[in-house]
Amino acid sequence: MRANLPAGLADTLEGARAEAVIRACVHCGMCNAVCPTFQLTGDELDGPRGRIYLMKGALEGEAVSAETRLHLDRCLECRACETACPSGVEYHRLLDIGRPFVEARVGRPWRERVTRTLIRWVSVEPARFAAALALGRAFAWALPKRLRGKLPQRPPSSPEPAKPTAGARMTLLAGCVQAAAAPQFNAAAQRVFARIGVDLAEAPTAGCCGAVSFHLDAPQEARAFARRNIDAWTRQLDAGAEAVVVTASGCAAFIKDYPDLLAGDPLYAEKARRIAAAVRDPVEVLAGAPLVAVRAPAHPCIAVHDPCTLRNGLKLGGQVAALLVRLGLEPQTPRDAHLCCGSAGPYALTQPAFAGALRANKLAVLTEQAPSAICTANIGCWMHLAETSPVPVRHWLEAVDEVT
Ligand code: SF4
Ligand code: SF4
């Protein structure tokens, strides 16, 4: 597809990047077949090809409206379209440019701006999120039903902490929401990694990866978080840590994109590449490790939900199920696994109708074979699915922890 961006834009890093994505698209429409929002509405403008046209038009100077912004807002950034695209179109790179470009031109109603700022403010600091969670639980009776349902289940009492191994060292992202809502995920990771002789320790000065800020209109805050994390992890790598392990696939996928996020920063561009190369989802480490099952699983049949960020962002689809099989579990892979569950970071809060419809579809296929639980790899999917799931939802590391 030809792009004719105005000179002032075409000459910039973002303009060149957008133009490369647009040019790669041959408008075949194969991506529409896998797009969750296109499947919901059947509207070309709620599919990737239509959105590419919308963003191309906007960047070329055509008129944009609140309707344009709405179709872009509805995109989950699940990247299923990228996985299906025969031309290798990196759709999300265009969306990261086109969405804020359109928003800057048409604005956003004040209610939405306040909501988005509030979600961001609460989410990015674990202490704030923990305080909001405690308040929410204490006054759950006073919350609207929609918000009450979003309170995550309380963490289970954790088994013993991992014992130090004096073996290899890797650093572990504590994160923001996960640190407050589901500390059991990282605790399970530490115990499992200790069994293969790896000590996992959280870097004290690292924090939120920046994904929430980036997707809620605060790219500069996202860059500040990225620089802080890069500094923290560079110190860890320099001191001998072998990798940066991230138990939330959404955060890992975002950190893999730090080089793009900081491409215009001469001080951090190279450091960002080093960190992106060091990031590992736990399944990447464990797949090749001598981890063995020492007990039979109490409930072997579990449905596996590969988050979009694991499948399309990190390209690790199917690896969790393969590891679980090796450890004596009986993972169930659902039909239409490529379709997003509707979580997509803050999407569940900003687009509740679409998020709810996608979750209902996802839970229907995940529970088709009567699993004892659903396991996932991302905090956002965990919270979103658990809200209405008829069976417990867990991180897959918890299942691995129980049998090894
Ligand atoms: S599948 Fe790829 S090339 Fe075809 S329309 Fe979609 S983005 Fe463009
Ligand atoms: S990222 Fe997902 S929701 Fe957005 S256009 Fe691509 S397939 Fe559709």
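All ligand and atom numbering here is 1-based and tracks the order in the structure. Along the sequence shown, residues carry numbers from 1.
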Novice: I'd like to check which ligand 2 atoms, numbered from 1 as shown, lie under 4.0 Å from a non-hydrogen atom of P48.
Specialist: 5 (S)
Novice: Verify the distance test for C31 against atom 6 (Fe) of ligand 1: any N/O/S atom under 2.8 Å, yes or no.
Specialist: yes
Novice: May I ask you to list the atoms of ligand 2 that are less than 4.0 angstrom from any heavy atom of R51?
Specialist: 3 (S), 4 (Fe), 5 (S), 8 (Fe)
Novice: Is there an N/O/S atom in C75 at a distance below 2.8 Å from atom 4 (Fe) of ligand 2?
Specialist: yes
Novice: From atom 8 (Fe) of ligand 2 out to just under 2.8 Å, does an N/O/S atom of C78 turn up?
Specialist: no
Novice: Going by heavy atoms, is N32 under 4.0 Å from ligand 1?
Specialist: no
Novice: Could you tell me whether E103 and R99 make a salt bridge, using a distance below 4.0 angstrom between a side-chain N and a carboxylate O?
Specialist: no
Novice: Going by the order shown, which atoms of ligand 2 are within less than 4.0 Å of some heavy atom of L76?
Specialist: 3 (S), 4 (Fe)
Novice: Any carboxylate oxygen within less than 4.0 angstrom of a Lys/Arg side-chain nitrogen, looking at R17 and E90?
Specialist: no
Novice: Please confirm whether P86 comes under 4.0 Å of ligand 1, counting heavy atoms of the residue only.
Specialist: yes
Novice: Need the ligand 2 atom indices (1-based, order shown) with element for anything under 4.0 Å from a heavy-atom of R79.
Specialist: 1 (S), 2 (Fe)
Novice: Using a strict threshold of under 4.0 Å (side-chain N to carboxylate O), is an ion pair present between D238 and R274?
Specialist: yes
